[in-house]
Amino acid sequence: MNMPSLESRDGLAIADGRIAEFRRAFSGDVILPGDAGYDAARRIWNASIDRYPGMIARCAADADVAHAVRFARADDLVVAVRGGGHNVGGRALCDRGLVIDLSAMRGVRVDPDRRTARVQGGATLADVDRETHRFGLAVPLGVVSRTGVGGLTLGGGVGWLVRKYGLTCDNVLSFELVTADGRTLTASAEENPDLFWALRGGGGNFGVVTSFLYRAHPVSTVLGGLIVHARDQAGPVLRHYRHVMQSAPDELTAYAGFITTPDGVPAMAVIACHCGEEAEAERAMRPLREFGHPLLDAIQRMPFPTMQQLLDDAFPDGTYNYWKSTFIRDLSDEVIDLLVEHASRARSPLSAVVIELYGGAADRVGDADTAFAQRRAGYDVGIMAQWTEPPETDEHTAWARGLSQALEPHSSGGYLLNFLGEEGEDTVRRAFGGNYPRLAELKRRYDPTNFFRLNQNIQPAA
């Protein structure tokens with residue numbers, strides 16, 4: 001294989017002298033093809049993504065990010081931005097361009113008196129949980145501890161505390177970011193409020209966020225875990241889940257999933273978390289626990305960071321992944337039957353289908369109050385094909401696409417931004433819903449040349 005070089009958009013190689021000049025003002029690590037750490041640095045969690053950047057700029061500070069943006073602008077480079085987590089869609093990498101890598105910027109600083117956490121853009125959920133838990137606090141983040149806070153937050157962010165405390169983006173007090181012209185800005189309700197609006201659900205379209213200031217909440221111990229049923233009970237379990245969640249308290253978040261147990265048995269699980277008082281939690285969880293004859297009831301009191309780690313083993317490193325997602329208007333009996341039928345066709349024990357209902361605090365924010373537009377879109381169905389052998393790729397991606405297509409007649413027309421992979425412009429527009437025109441106008445103001453384009457891209461307004 002010929003080693004890739006750093007090239008401009010028109011294919012011209014960047015001179016070694018320019019790269020040396022960049023290095024002199026960069027305090028982080030510059031990794032080039034042929035360097036000892038290059039292959040490791042270009043790998044991400046999803047093994048389906050195999051790209052060869054011309055340079056990886058692993059930033060150590062905000063100034064490094066600004067320097068990398070200005071360098072890329074001057075030489076007209078393709079740019080990808082990498083945070084600290086999974087990146088299933090592969091947009092954290094590019095071929096022959098520049099990767100601005102924040103994965104070394106993982107600092108978390110908690111102010112227990114103000115109940116806030118300042119988090120750098122390369123941090124993971126585990127980094128945040130480790131620091132906030134020391135003070136009996138938690139930030140509403142995702143459901144897998146190795147997820148990166150950056151992509152999660154910019155796409156909206158849904159996790160175990162969503163019904164009580166809202167989306168992750170609802171809990172951001174301010175962003176520090178580097179824009180497409182290399183400026184460092186603060187975006188908050190008081191400072192650059194239009195940008196603050198856009199960053200709460202608008203994806204990576206408006207700059208490189210170097211840090212987030214989050215609101216933290218008094219959550220330390222929760223009642224949570226998995227209730228696992230035999231797969232042939234999937235239909236009744238989903239109907240019962242639908243019934244329970246219609247009147248569930250905000251403190252209870254529960255998702256349902258078609259999974260395979262560690263010993264290879266197809267199963268149906270409900271994964272639940274209650275963040276309220278112990279007695280209330282036991283009462284709220286009882287309808288889920290007393291239904292049917294579960295193979296396993298692992299509901300128990302646990303530290304919140306443990307809850308965040310329960311699903312980590314379901315997403316091991318080095319696997320091949322292809323995800324689809326859509327919101328459905330209603331978890332009707334017809335949809336349940338369709339899900340049961342298609343989930344049974346999965347041929348990898350690592351593949352899963354997850355049904356998520358948000359509601360609660362997330363629903364009490366208007367669709368136009370932030371860029372995230374899918375608060376009342378119904379149930380989100382996440383279709384996660386995951387496998388270990390490259391020759392099986394066509395089989396597993398076809399399964400995911402098939403289920404996604406079968407759900408189209410029942411779709412509410414919305415999509416969860418963080419699940420979008422290969423989808424085109426029309427799907428991205430639908431993910432942003434009625435907020436797209438305003439986002440496109442802000443894109444024109446902050447990034448008129450579409451410098452940040454390797455994302456769920458918003459085209460600048462004409």
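Throughout, numbering of the chain's residues begins at 1 and tracks the sequence. Keep in mind that what you see is a predicted model, and the values were worked out from it rather than measured. In what follows, every heavy atom counts, from backbone to side chain, and hydrogens, waters and symmetry copies are set aside.
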Any donor-acceptor pair under 3.5 Å linking the side-chain atoms of Y214 with those of T153? yes
D330 side chain to S332 side chain, donor-acceptor N/O pair below 3.5 angstrom: no
Please collect all salt bridge (Lys or Arg N to Asp or Glu O under 4.0 Å) contacts where either partner lies in residues 209-235, sequence neighbours excluded, each pair once. none
Pairs where residues 115-125 contributes a residue and the test salt bridge (Lys or Arg N to Asp or Glu O under 4.0 Å) is met, not counting sequence neighbours: none
With a 4.5 Å limit on heavy-atom distance, are the side chains of F175 and R200 in contact? yes
pair E191-S174: side-chain heavy atoms closer than 4.5 Å: no
Could you walk me through whether H410 and L338 pass side-chain contact (heavy atoms from CB on, under 4.5 Å), step by step? CA-CA 10 Å; H410 308 278; L338 185 155; 4.1 Å; yes
When rounded to the nearest 0.5 angstrom, what distance separates OH in Y358 from OG1 in T253? 10.5 Å
dist F135:CZ -> D113:CG (nearest 0.5 Å) comes out at 9.5 Å
A quick test of your reading: do over 12 heavy atoms of other residues, nucleotides or ligands sit less than 6.0 Å from CD of E277? no
With D447, the side-chain hydrogen bond (donor to acceptor under 3.5 Å, both in side chains) member among K443, R444, R445: K443
Picking from D170, D363, D369, what satisfies salt bridge (Lys or Arg N to Asp or Glu O under 4.0 Å) with R375? D170
Which pair of heavy atoms, one from [X] and one from [Y], lies closest together, and at what distance?
| X | Y | result |
| --- | --- | --- |
| N418 | Q456 | CA-NE2, 4.4 Å |
| N171 | P140 | ND2-CG, 3.5 Å |
| N455 | G204 | ND2-O, 3.1 Å |

H240: partners by ring-ring contact (aromatic ring centres under 6.0 Å, His included), with sequence neighbours left out: F291
Aromatic ring pairing F315/H86, orientation class (parallel under 30°, perpendicular over 60°, tilted between): tilted
Below 30° counts as parallel, above 60° as perpendicular, anything between as tilted: where do the rings of Y436 and F432 land? tilted
Check the pair T186, E176 against side chain to side chain donor-acceptor pair (under 3.5 Å), reporting the backbone distance first and the verdict last. CA-CA 5 Å; T186 298; E176 300 291 326; 2.8 Å; yes
Could you walk me through whether Y322 and W399 pass ring pair (Phe, Tyr, Trp, His ring centres under 6.0 Å), step by step? CA-CA 10 Å; Y322 180 83; W399 168 76; 9.8 Å; no
